[in-house]
**Q** 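Structure incoming, see below.
Quick caveat: nothing in here was measured; it's all calculated off a predicted structure. Both ligands and their constituent atoms are indexed starting at 1 by order of listing.
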Amino acid sequence: MFNKQLIIGNLKPTFPVIQGGMGVGISLSSLAGHVAKCGGIGIISGAQIGYRDKDFIKDPLHANLVALKQEIKQAREIASNGIIGVNLMVAMKHYAEYVKAAVEAKIDLIISGAGLPLDLPKYTKDSDTKAVPIVSSAKAATIICKQWDRKYNFAPDAIIVEGPLAGGHLGFSAAHLENSPLLEDIILEVKEVVKEYSEKYNKSIPVIAAGGIYNGEDVAKMLEKGADGVQMATRFVTTHECDASLAFKEAYINSTEETIGIVKSPVGMPGRAILNTYITSPQGNKACFFDCLHKCGVTDIPYCISKALINAVTGDVDNALLFCGSNAYKATKLEYVEDIFNEIESALVIA
Ligand SMILES: Cc1cc2nc3c(=O)[nH]c(=O)nc-3n(C[C@H](O)[C@H](O)[C@H](O)COP(=O)(O)O)c2cc1C
């Protein structure tokens, strides 16, 4: 349909657009299913996905595994034959169990960042599920490709490059964020890295750009600069279909460029969010509620990140961590997922 088609193995979405996984609970079956139905790739976030289960606090792992399978099933029902994936963060405890559950549910692809998914092919290699790491540098891409090649005789099915303008946790140190390279430059470097593995395994390895891509023009520009596809998250938050509470979506609509900033997360990485005093001046609530992440400083945390993200999705926005991309302030109203794809289609046809 467009002069550039995104192809990830046998997966051929109409649009070269992946909707970024957003936890906790922001991208579940409704958003992912509707994106897939419109011809993009819909991604369910696996982070604390069972947060609505009555036994979640008692047994989060069980609640999360049940919800993961349920959300995949529901997304498939909405999407009919559309492409559905899950985002599973390497930093999550029980990562391997979530990966195995998603493969068992025959998910089309697993996207993994927040750490290097060095052992992802162990679980996906003998299945139809595609393995897609998220990186923020050519160095990280090299480490992953080398390890997968050496240990699993396998190359990534695609690589997502998340640049400095993205939402959620960022793969750059706070100092490096100030003068980080441009996303398009990292894309070109990562394309160089994958060349060797693409030839060795005789497969194309699309390199996908993420972070700050908000409208049709941005998509066209990134494709023109060499990306094989884009991942967009922030733009999809202010849709009717997004799984978050209305209050979370309204926080985006009411945000301004000045109220969006970089926050320190208990996981030790910087993140981008709509600033509020709960995060910028935490009032000493240092309790860890869920013991969910490997690198979380549980004994000395400013706030429990899972709790702050659950408060966000459920609408308690004053006591929440409101992750967002640098362009969240551009949202002025709620829209339908289909409107976004219509806009992208116009931009790509013109380009
Ligand atoms: C609210 C929110 C939650 C996010 N949660 C996750 C997550 O759980 N795991 C992850 O790998 N990325 C997460 N991200 C990053 C997105 O998947 C995506 O790569 C990034 O936001 C792209 O930039 P954009 O938002 O400017 O389009 C999140 C982003 C947002 C805005």
Side-chain angles (χ1 to χ4, degrees), residues 17-28 31-32 35 40-49 51 64 68 85-92 95 98 109-117 120 132-136 140 158-172 183 186 208-216 218-219 222 227 229-239 242-245 248-249 251-252 255 260 263 265 267 269-274 279 292-293 305-306 308-313 317 320-331 340 344:
V17 175
I18 301 178
Q19 159 257 309
M22 291 178 279
V24 171
I26 311 289
S27 69
L28 298 180
L31 180 56
V35 167
I41 297 184
I43 304 294
I44 295 166
S45 161
Q48 301 289 39
I49 189 169
Y51 78 94
N64 285 338
L68 182 62
V86 292
N87 177 296
L88 296 171
M89 292 184 291
V90 183
M92 292 188 304
Y95 169 76
Y98 297 129
L109 67 162
I110 294 176
I111 296 179
S112 274
L116 303 179
L120 182 55
V132 181
I134 303 178
V135 300
S136 291
I159 294 191
I160 295 175
V161 179
E162 212 179 63
L165 300 179
H169 286 120
L170 302 166
F172 301 86
L183 175 57
I186 316 175
I208 294 153
I213 300 160
Y214 193 79
N215 55 33
D218 298 338
V219 177
M222 265 308 153
V230 298
Q231 172 167 284
M232 298 164 68
T234 295
R235 177 68 187 267
F236 287 106
V237 167
T238 45
T239 58
C242 171
D243 297 86
S245 62
F248 184 78
K249 300 175 190 179
Y252 271 46
S255 71
I260 295 170
V263 300
S265 141
V267 223
M269 294 162 155
R272 182 171 281 105
I274 299 171
I279 299 302
C292 56
L293 296 170
I305 189 159
S306 275
L309 290 173
I310 291 170
N311 286 351
V313 69
V317 292
L321 172 53
L322 304 168
F323 271 151
C324 72
S326 56
N327 283 325
Y329 71 94
K330 291 186 178 166
I340 300 174
I344 294 170

**Q** Check R272 against A166 and note the closest heavy-atom contact, atom names and distance.
**A** NH1-O, 2.7 Å

**Q** Any non-hydrogen atom of G113 lying under 4.0 Å from ligand 1?
**A** no

**Q** For ligand 1, does F236 get within less than 4.0 Å through its side chain, its backbone, both, or neither, judged by non-hydrogen atoms?
**A** neither

**Q** Check whether any N or O atom of M89, backbone or side chain, sits under 3.5 Å from an N or O atom of ligand 1, and answer yes or no.
**A** no

**Q** Can you sort out which atoms of ligand 1 are near N87, meaning under 4.0 Å from one of its heavy atoms?
**A** 9 (N), 10 (C), 11 (O)

**Q** For ligand 1, which atoms, with element, lie under 4.0 Å from some heavy atom of G20?
**A** 17 (O)

**Q** Does an N or O from T234, backbone or side chain, lie closer than 3.5 Å to an N or O of ligand 1?
**A** yes

**Q** Pairs of nitrogen or oxygen atoms closer than 3.5 Å, one from A47 and one from ligand 1: do any exist?
**A** no

**Q** With atoms numbered from 1 as shown, which atoms in ligand 1 lie under 4.0 angstrom from a non-hydrogen atom of I134?
**A** 11 (O)

**Q** Ignoring angles and geometry beyond distance, decide whether A210 reaches within less than 3.5 Å of ligand 1 through its nitrogen or oxygen atoms.
**A** no

**Q** Heavy-atom distances under 4.0 Å are what count here, so tell me which part of R235 touches ligand 1: side chain, backbone, both or neither.
**A** neither

**Q** Locate the shortest heavy-atom distance separating C324 from I260; write the atom from each residue and the value.
**A** SG-CG2, 3.8 Å

**Q** At less than 4.0 angstrom from any non-hydrogen atom of A166, what atoms of ligand 1 do you find?
**A** 20 (C), 22 (C), 23 (O)

**Q** Heavy-atom contacts with Y252 under 4.0 Å: which atoms of ligand 1 show up? List them by number with element.
**A** 1 (C), 31 (C)

**Q** Tell me which one of R272, M232, Q231, M22 gets a heavy atom nearest to atom 2 (C) of ligand 1.
**A** M22

**Q** I need the atoms of ligand 1 closer than 4.0 Å to a non-hydrogen atom of C324, numbered in the order shown.
**A** 31 (C)

**Q** May I ask you to list the atoms of ligand 1 that are less than 4.0 angstrom from any heavy atom of G211?
**A** 22 (C), 23 (O), 26 (O)

**Q** For ligand 1, does I43 get within less than 4.0 Å through its side chain, its backbone, both, or neither, judged by non-hydrogen atoms?
**A** neither

**Q** If I take atom CG from residue D243 and atom NZ from residue K249, how far apart are they, to the nearest 0.5 angstrom?
**A** 7.5 Å

**Q** Name the option, out of S27, G21, A233, S112, that contains the heavy atom nearest to atom 17 (O) of ligand 1.
**A** G21

**Q** Closer than 4.0 Å to some heavy atom of G212 - which atoms of ligand 1 meet that?
**A** 23 (O), 24 (P), 26 (O)

